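Report on one structure; see the data block that follows.
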Amino acid sequence: MKTNVLGYPRIGADRALKKASEKYWKGLITQTELEAAGRAIKKLNWQLQNNAGIDFIPSNDFSFYDQILDASLAYGCIPSRYKQILKDKSQLDLYFAMARGFQEEGEDVTAMEMTKWFDTNYHYIVPEFTKNQSFELLSTKAIDEYQEALDLGIQTKPVLISPVTYLLLGKEKEAGFHRLDLLDNLLPVFFDLVDKLVKSGATYIQLDEPCLALDLSAESKEAITKTYTQLAARFPKLKVILTNYFDCFGDNLDTVLKLPVYALHLDLVRCSEQLNDIINSELFNPNQTLSLGIVEGRNIWINDFEKSISTIEKAKNFLSPERIWIASSCSLLHVPCDLDLEKNTKNLPEEVKQGLAFAKQKVDEIVTLAQLSARDITEAATVKFALNTQANRTKKTSALINHFPTQARAASVTEQDSRRVSVFKDRQHLQHKHLNLPLYPTTTIGSFPQTKEVRAWRAKFKKNEISEADYDEFLKTETEKTIRFQEETSLDVLVHGEFERNDMVEYFGERLEGFAFSDFGWVQSYGSRCVKPPILFGDVYRTAPMTVKWSAYAQSLTEKPVKGMLTGPVTILQWSFVRNDQPRALTCKQIALAIRDEVIDLEKAGLSIIQIDEPAIREGLPLRKRYWESYLNWAVESFKIAASGVKDSTQIHTHMCYSEFNDIIKNIAQMDADVITIETSRSEMELLDAFVNFKYPNEIGPGVYDIHSPRVPTLNEIESLLVKAGKLLPERNIWVNPDCGLKTRDWPETKSALINLVKAAKIMREKSAVES
Ligand code: GLN
Ligand code: ZN
């Protein structure tokens, strides 16, 4: 059996690409040096896979920023605002200008939009399309990379994004057409690229078509049929691997099975039924090859060899072994590079580590599975099988993973636990009496500037260069300064500033049982930005309060109400590597119970307002709509479990940023937070429409300025946004706040912005008094 890898991480094991790119952007290294850094990573990746014995090694899976932006360059899809840069600069600089914007030499061009890659935490650059636009083969990266590997003596399988998925992932920038209308213009350029690859010697091509994991219109299906039919007609000898991942083919299966392609790749991790569906279909052609995506590319747990082998055996009943490939479920881009680098047994105990596999280890698993499925099984493969069985057994029975009281508690949760004592109207009445806030109360979303100094102190503390007492003293000073600043500015509901937190998920992971941490477990989020998700490996529970100290300290400094700050269960789940041995819903419930205890402790400590952030609730939505309701049910329930342990007079806030609310507004209302703060300023309050149309009953803080830019909003701007909001919503329901936390900002602009924000709220109050 042959082995197939869909893509390999490109940041490099110690983030060499991140470091080199950032140096290049600062002008510290030349383009040649950056390209050399890229070549070194590609070489290591290819050699690693080659040495491991992978048959289908990907090329063109490397990228200096993003593979969809690479495709935009390949097809010459360059928005007109970059035309000058296209003329004046190198192709690489044009590429980075599209990714990051360009503000130099009297030019000021904005970046292209970025959005999440399906349901992952990776972000791609959204192609921009205009009516009747033409394409041209502009960048030859795919061909160059194929050649680059060949020069090293390695035959690769170029990876291309299919023209249909490419178009569907983009956006029309003017009215009067649909982006699929552009297919006829794009196909010749795509064929030209394929032709050049074939002429360079490529015999296989991996054509990524992940839109097959979505609900597709009839037009999209037709576009797919057209693309593959024409491709096969033009290149009868080329072996095309139609590659889908992240979900089943679903309704698209019949279309797919009729396509003239050499191989089909299936994500059997996300969709294990897929294999049965295909072999039972009348349309299935037994001469076609199946690439079984059986080693998970999205998560970091070891494979279960026993289970995988039984799946492979099933395929063998229908297909001859040469028609079966063993593969990663999707690109390994979504997992870190190499587990062998992890040496810190305090953060990552051996017992947990033995159950993990990063990209390099997954490559080995793929090869081993192929060896185990061969007629003559080698001694070495047998040993690996035994080790894998043992590791999976340890993973199940480990005392570190199982905490029986937590399991029992989660099992005995009742409906009561996710319900506040009284309905919102009654709570609101009590809260207004208790808090005595003015109309248009002002607040912030939680964090205040994480300055260089704050980060330097944290780093020193982490490296044991300063004592805990010194670090505490520093945090106290920062917190107090922030409280005083908020008092002077006359904000109504204060926050402690979150100076003690590195990251809104990691901070809680570090304080909860059931989490482990890697030192080098970086995954690309976008461009040079990498994240290191906590590893949620076992039952989650809390052994002590996590945030009470800082919130209570802040409250002790002031007469004004301080808002306790927590990250919600869905966001903690969403931004971690989550255990795969039980449903996500159950894991989320365990986190919810831990947060619930924290909420109750904050209330006991005298905090009468508590915010539970859920910025990730929307991105957890399944790719296909028919699964939305079930996800939303448990996600909302988890939030409510976390929020419902308090008295009616305690006010629960939640916060969400950058969300499209229209299609989930019903579920947001079900969360029943007393106050929700959201992003709306960039869209000039357009995002509020969902709340207005739905007649959202609870209180809302529509963000009145964009914190992602250093620009200080004017008093007039804020006021006019509030006037808009005032016309749309009942006045007593409106809060005034920025649209997200201030941690990425500096103090000077933060101060000026908040002064304007408070002034605007005061003007609104005066107007309201005059009117009544
Ligand atoms: N409370 C967090 C902060 O202010 C919220 C961050 C977020 O929404 N992403 O930083
Ligand atoms: Zn936010």
Side-chain angles (χ1 to χ4, degrees), residues 114 116 121 123 442-451 454-455 458 475 478-479 482-483 485-486 491 493-509 525-526 529 531 533-534 546-547 550-551 554 562-576 595 598-599 602 607 609-620 639 642-643 651-661 668 671 673 675-683 687 700-709 735-747 749-750 753-754 757:
M114 176 169 84
K116 275 181 183 279
N121 212 353
H123 302 69
T442 53
T443 191
T444 59
I445 305 303
S447 58
F448 267 84
Q450 286 260 338
T451 54
V454 174
R455 278 178 282 143
R458 183 161 49 240
L475 292 175
E478 290 303 298
T479 308
T482 304
I483 291 288
F485 161 71
Q486 296 172 85
L491 282 151
V493 172
L494 315 192
V495 296
H496 74 283
E498 302 182 20
F499 300 106
E500 75 288 6
R501 300 187 191 175
N502 35 5
D503 169 90
M504 65 186 288
V505 169
E506 197 172 27
Y507 181 83
F508 289 91
S525 171
Y526 62 88
R529 169 141 176 90
V531 293
M546 307 181 279
T547 65
W550 292 108
S551 291
V562 170
K563 181 161 65 164
M565 257 328 128
L566 302 172
T567 303
V570 184
T571 299
I572 293 181
L573 182 87
Q574 202 57 36
W575 290 349
S576 302
I595 300 295
E598 188 71 15
V599 172
L602 282 169
L607 284 295
I609 305 184
I610 298 158
Q611 177 171 312
I612 308 172
D613 289 325
E614 284 291 20
I617 207 157
R618 196 178 201 287
E619 65 187 61
F639 177 84
Q651 190 172 59
I652 298 290
H653 289 216
T654 190
H655 165 71
M656 291 176 198
C657 27
Y658 300 108
S659 288
E660 183 53 63
F661 297 102
I668 292 177
M671 288 167 71
V675 182
I676 182 169
T677 55
I678 54 167
E679 185 275 334
T680 39
S681 62
R682 277 204 213 181
S683 65
L687 283 173
I700 312 183
V704 292
Y705 79 88
D706 176 14
I707 59 88
H708 297 87
S709 145
W735 283 69
V736 182
N737 46 263
D739 69 355
C740 195
L742 298 161
K743 61 182 164 231
T744 55
R745 295 272 60 85
D746 262 331
W747 273 105
E749 72 237 25
T750 298
L754 290 177
L757 178 145

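When a ligand or atom number is given, it counts from 1 through the structure's own listing order. None of these values were measured; they are calculated from a predicted model.
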Inset, instruction - Could you check atom 10 (O) of ligand 1 against the protein and tell me its nearest heavy-atom contact, residue, atom and distance included? - result: S447 OG, 2.8 Å
Legend entry - Part of M656 with heavy atoms under 4.0 Å of ligand 1, whether side chain, backbone, both or neither: neither
Inset, instruction - Hey, can you tell me if F448 and W747 have their rings parallel, tilted or perpendicular (30° and 60° cut-offs)? - result: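 Parallel, since the angle between the ring planes stays under 30°.
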Inset, instruction - Output yes when E660 and R618 qualify as a salt bridge under the 4.0 Å nitrogen-oxygen rule, no when they do not. - result: no
Inset, instruction - Apply side-chain hydrogen bond (donor to acceptor under 3.5 Å, both in side chains) to the pair Q450 and T744, showing each step before the final yes or no. - result: CA-CA 6 Å; Q450 286 260 338; T744 55; over 6 Å; no
Does any N or O atom in [X] lie less than 3.5 angstrom from one in ligand 1, N or O only?
X    : value
D613 : yes
E498 : yes
C740 : no

Could you state the interatomic distance from [atom1] ([X]) to [atom2] ([Y]), rounded to the nearest 0.5 Å?
X    : Y    : atom1 : atom2 : answer
H123 : M114 : NE2   : CE    : 5.0 Å
R458 : R501 : CZ    : CZ    : 11.0 Å
H653 : I612 : NE2   : CD1   : 11.0 Å

Show the atoms of ligand 1 that are less than 4.0 angstrom away from any heavy atom in [X].
X    : result
C657 : 8 (O), 9 (N)
G446 : 4 (O)
I445 : 1 (N), 4 (O)
H655 : 8 (O)
G741 : 3 (C), 4 (O), 10 (O)

Inset, instruction - Take T654 and E614, measure what side-chain hydrogen bond (donor to acceptor under 3.5 Å, both in side chains) needs, and give me the verdict at the end. - result: CA-CA 7 Å; T654 190; E614 284 291 20; over 6 Å; no
Inset, instruction - Spell out, as yes or no, whether a donor-acceptor pair under 3.5 Å connects the side chain of S551 to the backbone of G564. - result: no
Legend entry - side-chain hydrogen bond (donor to acceptor under 3.5 Å, both in side chains) assessment of T677 paired with H655: CA-CA 5 Å; T677 55; H655 165 71; 3.1 Å; yes
Legend entry - Nearest candidate to atom 9 (N) of ligand 1, where distance is taken over non-hydrogen atoms, out of Q611, H653, M504, K563: M504
Inset, instruction - Tell me which N, O or S atom of H655 sits nearest to the Zn ion (ligand 2). - result: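 Nearest N/O/S atom: NE2.
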Inset, instruction - State, to the nearest 10 degrees, the angle whose vertex is the Zn ion (ligand 2) and whose arms point to SG of C657 and SG of C740. - result: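 Value returned, to the nearest 10°, is 120°.
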